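Read through the structure below, which is laid out as structure tokens, and then see the notes.
For ligands, and for the atoms within them, numbers begin at 1 and follow the listed sequence. Every value quoted in this text rests on a predicted model; they were computed, and no experiment measured them.
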Amino acid sequence: MTVRVCLIGAGRAGKVHANSLTHHVPRASLVALVDSVPETLESTGEQFGIPAAQRFASLEAALAWNGFDAVVITTPTFTHKPLAVTAAEAGKHVFLEKPMALSLEECDAIIQAAEKAGVVLQIGFMRRFDPEFAAAYERIQAGEIGQPMIVKSLTHGPGLPPPWARDLKQSNGMLAEVNSHDWDCTRWLMGSNPQRVYVEVANFKGAMHNVTTPHFYDNALVNIRFENGGLGSISGVCPCEYGYDARAEIIGERGIMQIGDIRGQAVIVGTDRDRGYITPIYRTWPQRFAWGYIREMEHFAECITLGTPNRATGADGRWAVAGVLAGTRSLLEERPVLLSEILDAVPNS
Ligand SMILES: NC(=O)c1ccc[n+]([C@@H]2O[C@H](COP(=O)([O-])OP(=O)(O)OC[C@H]3O[C@@H](n4cnc5c(N)ncnc54)[C@H](O)[C@@H]3O)[C@@H](O)[C@H]2O)c1
């Protein structure tokens with residue numbers, strides 16, 4: 001069986017997944033596109049060879065056609081819940097980009113809709129499928145460095161995020177849009193849920209970029225205590241002038257493990273004795289996680305066709321959102337915040 005996919009949101013992340021589905025994932029094929037902006041719909045449709053009759057202005061219009069089995073949702077965060085719930089209720093498998101949603105209530109609605117319909121719900125945590133992160137995870141599980149005591153994770157990204165992604169009301173800000181992966185990775189690599197967080201933020205470049213959004217920050221440091229007693233930290237910088245940087249370090253009872261490299265290639269070139277070594281660094285997230293994006297889409301197709309156990313579930317997405325909400329409360333109220341303050345406020349949580 002080939003999984004027929006409808007991509008919703010033909011922007012930056014959408015094009016990365018469209019490329020994987022078109023060129024790298026034999027079990028799936030991109031058959032339809034949805035985007036609310038006609039120019040984006042047309043240009044992305046042309047780029048990936050989607051017939052004009054299979055390009056739609058809304059999910060509802062695509063569902064009326066109904067020639068697909070699954071959706072890949074790559075729209076802004078504030079649209080995730082209605083789109084994911086509508087798709088699941090129509091019996092479509094759902095791949096949903098991070099951050100899963102804006103609130104835990106929205107996460108619960110998505111999880112319940114997917115469970116009720118019996119469809120796969122996978123969250124876009126591609127680091128879990130990156131060869132380096134995945135190998136490190138397996139080696140930690142095998143006990144190579146003993147019990148993790150500290151997990152540090154960083155994401156520093158180039159480019160000022162779009163206005164909606166800077167606004168705490170529309171997106172939960174940088175902790176969500178840039179650091180969702182770190183919230184997920186620290187929990188995944190530690191093997192324990194966060195219990196308490198404390199966040200400090202700073203705004204160095206907002207004025208330079210004419211950003212007047214309330215509570216805007218472009219630097220964040222998060223301290224985490226996990227339920228198992230382990231510690232964690234997250235570093236976020238965006239915009240970051242030097243490139244795209246995503247790394248992690250795990251200190252275990254018997255050793256240390258470092259994941260990732262700031263260098264985009266292992267080739268180091270020296271030609272000029274005054275300038276020393278020159279080596280390229282990663283410039284963008286599609287470049288750094290090229291394999292992670294392909295492998296997470298392969299996994300989605302395998303979950304649907306082979307029943308492979310899901311490695312990036314709605315529950316994982318919900319925990320990352322819980323971390324973001326606790327972190328945002330911490331930075332606004334300038335105090336450590338227990339996850340229970342966030343989790344206990346949700347009915348039937
Ligand atoms: N996993 C990753 O590494 C990664 C990287 C970048 C973005 N993302 C996530 O992907 C999502 C999209 O981010 P982006 O940077 O691609 O944004 P983008 O603005 O480049 O693209 C979003 C697209 O969605 C369309 N759109 C908006 N509302 C819509 C709706 N209701 N129905 C149909 N189309 C709609 C827009 O017209 C636009 O083309 C966000 O959740 C973001 O956090 C994930």
Side-chain angles (χ1 to χ4, degrees), residues 6-20 32-45 47-48 55-63 71-87 94-102 106-107 110 122-130 133 153 155-167 170-185 236 238-239 244-246 260 282-297 299-300 312 316-317 320-321 324:
C6 173
L7 178 79
I8 310 172
R12 297 184 318 157
K15 287 197 187 80
V16 169
H17 295 314
N19 186 56
S20 298
L33 277 187
V34 173
D35 201 290
S36 48
V37 175
E39 297 76 30
T40 309
L41 188 60
E42 186 182 346
S43 62
T44 308
Q47 184 179 346
F48 292 99
R55 302 174 198 163
F56 304 96
S58 69
L59 171 59
E60 288 71 18
L63 287 171
V71 294
V72 168
I73 300 175
T74 48
T75 52
T77 311
F78 54 87
T79 67
H80 286 186
K81 182 239 171 184
L83 290 170
V85 168
T86 301
V94 176
F95 178 97
L96 177 58
E97 261 306 341
K98 49 53 65 174
M100 182 174 176
L102 286 173
E106 288 190 348
C107 293
I110 296 169
Q122 184 179 328
I123 308 300
F125 289 137
M126 77 292 178
R127 283 185 203 182
R128 291 180 177 233
F129 302 91
D130 170 74
F133 275 82
S153 181
T155 305
H156 303 165
L160 188 66
W164 66 264
R166 299 172 218 153
D167 182 355
Q170 287 193 82
S171 71
N172 290 321
M174 187 179 83
L175 281 185
E177 287 304 320
V178 176
N179 294 118
S180 274
H181 297 297
D182 305 280
W183 289 106
D184 181 57
C185 268
C238 188
Y244 182 80
D245 195 5
Y282 286 112
R283 297 178 62 233
T284 63
W285 43 270
Q287 189 188 31
R288 167 63 184 88
F289 286 108
W291 279 107
Y293 292 116
I294 292 170
R295 288 176 53 171
E296 70 176 348
M297 211 44 71
H299 181 71
F300 182 51
D316 297 322
V321 173
V324 167

Of [options], which has the heavy atom at the shortest distance from [atom]?
atom                    : options                : value
atom 3 (O) of ligand 1  : Tyr293, Trp285, Tyr244 : Tyr293
atom 40 (C) of ligand 1 : Thr284, Thr79, Thr75   : Thr75
atom 26 (N) of ligand 1 : Gly159, Ala176, Ser36  : Ser36

Does an N or O from Pro99, backbone or side chain, lie closer than 3.5 Å to an N or O of ligand 1? no
Output yes when the distance from some N or O of ligand 1 to some N or O of Glu97 is under 3.5 Å, and no in every other case. yes
Counting heavy atoms not belonging to Trp291, are there more than 12 under 6.0 Å from its CH2? no
Taking only residues two or more places apart in sequence or in another chain, which ones pass salt bridge (charged side-chain N to carboxylate O under 4.0 Å, His left out) with Arg128? Asp184, Asp316
So for Phe289 against ligand 1, with non-hydrogen atoms under 4.0 Å, the contacting part is neither
Under 4.0 Å between heavy atoms, the region of Thr40 that gets near ligand 1 turns out to be side chain
Under 4.0 Å, counting heavy atoms only: does His181 come that close to any atom of ligand 1? yes
Does the plane of the ring in Phe289 sit parallel, tilted or perpendicular to the ring in Phe133? Use 30° and 60° as the thresholds. tilted
Do the ring planes of Phe129 and His299 sit parallel (below 30°), tilted (30 to 60°) or perpendicular (above 60°)? tilted
Return the residue, atom name and 0.1 Å-rounded distance of the protein heavy atom closest to atom 24 (O) of ligand 1. Gly9 CA, 3.5 Å
